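All remarks here apply to the structure that follows.
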Number of protein chains: 2
Amino acid sequence: MAQRRELMTGSTASLLLCLIGYQPMYGYQIIKELERRSQGYFRFKEGTLYPALHRLERAGLIQGKWQVMPSGQQRKYYHLTEKGLSILVEKRSQWQDFLTAMNLIIQPAST
Amino acid sequence: MAQRRELMTGSTASLLLCLIGYQPMYGYQIIKELERRSQGYFRFKEGTLYPALHRLERAGLIQGKWQVMPSGQQRKYYHLTEKGLSILVEKRSQWQDFLTAMNLIIQPAST
DNA sequence: TAATAATACCTAGTCTCTCTATGTATAATA
DNA sequence: TATTATACATAGAGAGACTAGGTATTATTA
């Protein structure tokens, strides 16, 4: 919550790839979904999300497509590319490694 | 390892407070201890560690004291301040919250 | 109906943090 | 004697999160 900013760097890309991996999503939806699924913990700012999405797209991990709603509203849906999927798999295992290492320090069993 | 840089931001302060909380330590020792305890995962660069220690000291969370070894070598031992201890407690619980939220996204149980 | 809130996208500039590269100095080892 | 390990330090580059601002449409509410 308050202190989240610090732990955020580096987790952002994983979170976005993960969500978009479930199903194609648009930016605003991602913000809401992240908040819902994390039970209110993640509250991405637009100034964080949109640049992050653009970075992922430039890197070829996701691809965005504009869609016009019946109402006339425009949304940019992002879906995972093949490369994005393989990076997602990689990032999941990196998260596990990081988690393991952190717990060795943060929750000490002994000396 | 390779990708650690990303996940690192924000965990550094917690790791340092944690280690120094176990016992007063000096910089070089912290690098070695972090690597040992994390079974090789954490390999802090000096350019990361020393500025981080200085930040923590400026913030009043740790305090450094020069000590001269019998050999003549100088080491700067850091110990936790009271404020540092309370922040450490806080950071431990923040880590738990972050971990919980991440796992809700990264390891989905359902929709 | 008018005002407000929610939806939906965007970015320039600031701030903070990690890392590279570099410097200094001593002790231990080959 | 030369090299490696120990021990500290910082300037500058690069990356990413956030603030603060902008545009536009739709839905709600007073």
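Basis for what follows: all heavy atoms, side chains included, without hydrogens, waters or symmetry-related copies. A, B, ... follow the sequence lines: proteins, then strands. Residue 1 opens every chain. All values derive from a computational prediction rather than experimental measurement.
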Does the protein touch nucleotides 3-12 of chain C at the base, only the backbone, or not at all? Give it as B, S and - per nucleotide, heavy atoms under 4.0 Å. ---SBBBBB-
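Within the 4.0 Å cut-off from OP1 or OP2 of C:dT18, at least one side-chain nitrogen or oxygen of B:Arg55 is found. In this model, the phosphate group of C:dT18 is approached by a side-chain N or O of B:Thr12 to a distance below 4.0 Å at OP1 or OP2.
One atom, CZ of B:Phe44, and another, P of D:dA9, lie 16 Å apart when rounded to the nearest Å. Following rounding to the nearest Å, B:Lys45 (NZ) and D:dG14 (P) show an atom-to-atom distance of 18 Å. In this structure, the CG atom of B:Leu49 is 13 Å from the C1' atom of C:dC17, given to the nearest Å. The separation between B:Ile30 atom CD1 and D:dA9 atom P is 11 Å, rounded to whole Å. Rounded to an integer number of Å, the gap from CD of B:Gln67 to P of D:dA7 is 13 Å. A straight line from CZ of B:Phe42 to P of C:dC19 spans 11 Å, rounded to a whole angstrom. Going from atom CD1 of A:Ile31 over to atom P of D:dA17 covers 13 Å, rounded to whole Å. One interatomic measurement links the two molecules: CZ of B:Arg43 to C1' of C:dT20, which rounds to 18 Å at whole-angstrom precision.
Remark: A:Tyr26 engages A:Tyr77 in a ring-ring contact (aromatic ring centres under 6.0 Å, His included) (not counting sequence neighbours).
Between the side chain of A:Thr48 and the backbone N or O of A:Phe44, no donor-acceptor pair lies under 3.5 Å. Proximity of a side-chain donor or acceptor of A:Arg43 to a complementary backbone N or O of A:Glu35 within less than 3.5 Å is not detected. In this structure a side-chain-to-backbone donor-acceptor pair under 3.5 Å is missing from B:Arg75 to B:Val68.
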Atom pairs and distances, side-chain donor-acceptor, residues 49-67 of chain A, under 3.5 Å, sequence neighbours left out:
residue: A:His54; atom: ND1; partner: A:Tyr50; partner atom: O; Å: 3.3
residue: A:Glu57; atom: OE2; partner: A:Gly64; partner atom: N; Å: 2.9

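Ion pair B:Glu33/B:Arg36 flagged as a salt bridge, since at least one NZ, NE, NH1 or NH2 atom sits closer than 4.0 Å to an Asp/Glu carboxylate oxygen.
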